[in-house]
Amino acid sequence: MSEKEYFYITTTLPYINSEPHIGFAAEIIKADVIARYQRQQGKHVFFNTGTDEHGLKVYQKAQAEGLSVAEYCDKYSAKFKPLKEKLNLSYNKFIRTTDASHQAAVQEFWRRCFNQGDIYKKKYEVKYCVGCEMEKTDSELENGFCPLHPGQKLELIAEENYFFRFSKYQKQLLALYKQDNFIIPASRQKEINNFVASGLKDFSISRQREKMPHGVPVPNDDSQVVYVWFDALVNYISTLGWPQTESNFAKYWPAVQVCGKDNLRPQAAMWQAMLMSAGIKPSKQILVFGFLTNNGQKIGKSLGNTIDPYSLVEKYGSDALRYYLLAEISTFADGDYSEDKFITRYNADLANGLGNLVARVANLLEKNEIKTKLKPDLTFTDIKKTVTLFEKSMANYHFNEALQIIWEKISELNESLSTQAPWKLEDRAAIASVLIPLAQDIINLAYLLEPFIPLTAVKINTQFQMNQIKKGEALFPRLN
RNA sequence: CGCGGGAUAGAGCAGUUGGCAGCUCGCCAGGCCCAUAACCUGGAGGUCGUCGGUUCGAGUCCGACUCCCGCAACCA
């Protein structure tokens, strides 16, 4: 490779009206796997995440907690930052949409769209529930009434906001969806294609400051603030320094964006249209992940069955959680979490599989005082087939499949050890000739596992690079 | 005719160019004893939702149907 390639990946920014939840943890862990894998491939990686902090809900929650919005944002944004250490993430940028540089970028982005003639002011009617003292969107209504106040008629209030000419970009968006692998999985690309093909309505991109002051000021109109969607999406480029430092932007853009399936429209349609309007290249690729259920039940704040990633890490460690989310659940499909499944998976694969194999081989090497000098070597004959299959799965982001391939190898090594039974042999050289190839395979597997379970990979790597490999502590003690 | 996803062994799932049905857990029977009561071998268990079509051959493609589940935009 003459010159290093650049690679940019970003998660969506979680909205800070609640604590970090397992769904976002799953999303950012997958992004982390991709980022780490790309680094292994020798690329310069820019890995972005952060928090989305504007908008009505944050404004209301701040008031409810008796905090200024700034205090509230600092407090809640800070709840997301420890994910980096707790989940062992490798992102190198944490952007907040309240950052001054981001706000300036939003305004510049707005101006560019405005200059294209894609932003206009329009009066329209919003539905207002007197009972709730709140505006309601159609999707919040049941049979045209507020579910909390079904007897009351909704009032219609005239409001004037800025709109974005989404409809103008229908054809260009449809052309974009012709490109294979723009959105993965393909079914999502089909879905958004059908949605866009069915017709687009312009959407409002501002709010009256009087009602909701917590947002980026609209350029040249003090009475309005930028609507949070429009604002938040711009982070994908403002985080690169756009429009100030074009050089960084030029190197890394366009991005691979990951999101949950609820974010398909904003990412794959609205944001792409916004980029077109501003004269910026579309995203490189959008990966759309599924949702998690808790024991088969939909997870929701109202159901009170949210899963706190921090407590899971506290209990089982970051690698165990990462492994579960990556191995048990198909990358793009919905998946389920339950403690029973977690423990079963942990014991079967991490304790009995990988952990036990490492213990067996290391112990035999130590007991027989066999000296080694190993380092990862993917050209090692015995690992080649595994590497080929592994890379194929990784290219499609099929992480569960990639891990399965590694675990087939682990199983093969356990079998090989049992068959050759070096503990029955007398001759040290013969014992060594059995164990050293196994140790070489293990250190190679650790290399492949680094994007998935980085702490364990480092442990194994350190352990197996020693001249005298020692048994040491169990990597994953069995859970009961 | 709103959009999309799913239906594969007792449970949970994988099967992306159509080619003898796989994985994990659980269950039964052996082996081993280096290891984290771990590991290895063998076995029982499936009309791949239903019906029809294409094909030498379909879980995999096409059509119809049944049953589940999301979404239905300006709520971030």
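Letters A, B, ... are given to chains in the order of the sequence lines, protein chains preceding strands, and every chain is numbered from 1.
Between the P atom of B:A38 and the OH atom of A:Tyr346 lies a distance of 13 Å, rounded to the nearest Å. A:Lys61 places its NZ atom 13 Å from the P atom of B:A76, with the value rounded to the nearest Å. Rounding to whole angstrom units, CG of residue A:Leu233 and C1' of B:A73 are separated by 13 Å. Atom CG in A:Leu264 sits roughly 18 Å away from atom P in B:G70 (whole-Å rounding). A straight line from CG of A:Asn400 to P of B:G15 spans 7 Å, rounded to a whole angstrom. The distance from atom CG of A:Leu413 to atom P of B:C40 is 11 Å, rounded to the nearest whole Å. Spacing between atom NE2 of A:His398 and atom P of B:U16 amounts to 10 Å, rounded to whole angstrom units. In this structure, the CZ atom of A:Phe163 is 14 Å from the P atom of B:A73, given to the nearest Å.
Aromatic ring centroids of A:Trp271 and A:Phe109 lie under 6.0 Å apart. Less than 6.0 angstrom separates the ring centroid of A:Tyr346 from the ring centroid of A:Phe476. The aromatic ring centres of A:Tyr162 and A:Tyr120 sit 6.0 Å or more apart. Aromatic rings from A:Tyr324 and A:Tyr337 are positioned such that their centres are separated by under 6.0 Å. Not less than 6.0 angstrom separates the ring centroid of A:Phe80 from the ring centroid of A:Phe94. For A:Trp229 and A:Phe203, the distance between ring centers is not under 6.0 angstrom.
Taking atom C1' in both B:G42 and B:G4, the straight-line distance is 45 Å, to the nearest Å. With both ends at atom C1', the span from B:C62 to B:U54 equals 7 Å, rounded to whole Å. Straight-line distance between the C1' atoms of B:G45 and B:C28: roughly 11 Å, to the nearest whole Å. Taking atom C1' in both B:A11 and B:G46, the straight-line distance is 14 Å, to the nearest Å. Spacing between B:C74 and B:G5 at atom P, rounded to whole Å, works out to 23 Å. Here, B:C68 and B:A73 have their C1' atoms 25 Å apart, quoted to the whole Å. Separation of the P atoms belonging to B:G43 and B:U24 is 14 Å when rounded to the nearest angstrom. Across B:A21 and B:U60, the matching C1' atoms stand 12 Å from one another, rounded to whole Å.
Donor-acceptor pairing under 3.5 Å is recorded for the side chains of A:Asp349 and A:Tyr323.
For the pair A:Ser283 and A:Val256, the minimum side-chain heavy-atom distance is 4.5 Å or more.
Using the six-membered ring where Trp is involved, A:Phe230 and A:Trp110 have ring planes that are perpendicular, over 60° apart on the 30 and 60° scheme.
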Distances under 3.5 Å between nitrogen or oxygen atoms of protein and nucleotides 26-29 of chain B:
none

Enumerate all atom pairs, one protein N or O and one N or O from nucleotides 2-12 of chain B, separated by less than 3.5 Å.
from : atom 1 : to       : atom 2 : distance (Å)
B:C3 : O3'    : A:Asn194 : ND2    : 3.0
B:G4 : OP1    : A:Asn194 : ND2    : 2.4

Taking only N/O atoms, report every protein-nucleotides 30-37 of chain B pair under 3.5 Å with atom names and distance.
from  : atom 1 : to       : atom 2 : distance (Å)
B:C34 : O3'    : A:Asn363 : ND2    : 3.2
B:C34 : O2'    : A:Asn363 : ND2    : 2.8
B:C34 : O2     : A:Arg360 : NE     : 3.1
B:C34 : N3     : A:Arg360 : NE     : 3.2
B:C34 : N3     : A:Arg360 : NH2    : 2.6
B:C34 : N4     : A:Arg360 : NH2    : 3.1
B:A35 : O3'    : A:Lys471 : NZ     : 3.1
B:A35 : O2'    : A:Asn356 : OD1    : 2.6
B:A35 : N3     : A:Asn356 : ND2    : 3.3
B:A35 : N3     : A:Arg360 : NE     : 3.0
B:U36 : OP1    : A:Lys471 : NZ     : 2.3
B:U36 : O2     : A:Phe476 : O      : 3.1
B:U36 : O2     : A:Arg478 : N      : 3.1
B:U36 : N3     : A:Phe476 : O      : 2.9
B:U36 : O4     : A:Gly355 : O      : 3.0
B:U36 : O4     : A:Leu475 : N      : 3.4

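Using a cut-off of 4.0 Å between Lys/Arg side-chain N and Asp/Glu carboxylate O, A:Lys122 and A:Glu159 are scored as not salt-bridged. Taking a cutoff of 4.0 Å between a charged side-chain nitrogen and a carboxylate oxygen, A:Glu366 and A:Lys470 do not qualify as a salt bridge.
Contacts of A:Ser204 with the nucleic acid, taken as non-hydrogen atoms under 4.0 Å apart, include base atoms. Looking at heavy-atom distances under 4.0 Å, A:Gly199 makes contact with a base.
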Inset, instruction - Evaluate side chain to side chain donor-acceptor pair (under 3.5 Å) for A:Asp231 paired with A:Thr97, printing each intermediate quantity in order. - result: CA-CA 8 Å; A:Asp231 157 12; A:Thr97 57; 4.6 Å; no

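Comparing B:A73, B:C40, B:A76 against the side chain of A:Trp229 picks out B:A76 as the nearest.
Both key distances under 3.5 Å define a Watson-Crick or G-U pair, and stretches of 3 or more such consecutive pairs in RNA chain B run B:2-7 with B:66-71, B:10-13 with B:22-25, B:27-31 with B:39-43, B:49-53 with B:61-65.
If A:Ala348 and A:Phe166 are placed on RNA chain B by their nearest nucleotide, the residue sitting closer to the 5' end is A:Ala348.
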Please set out all donor-acceptor pairs under 3.5 angstrom arising from side-chain atoms of residues 174-188 of chain A, sequence neighbours excluded.
from     : atom 1 : to       : atom 2 : distance (Å)
A:Tyr177 : OH     : A:Ala268 : O      : 2.7
A:Arg188 : NH1    : A:Glu191 : OE1    : 2.8

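Stacking of A:Arg265 on the aromatic ring of A:Phe195 is recorded, both the 6.0 Å distance cut-off and the 45° axial limit being met.
Counting only residues at least two apart or in different chains, side-chain hydrogen bond (donor to acceptor under 3.5 Å, both in side chains) contacts with residues 386-396 of chain A comprise A:Ser393-A:Glu401.
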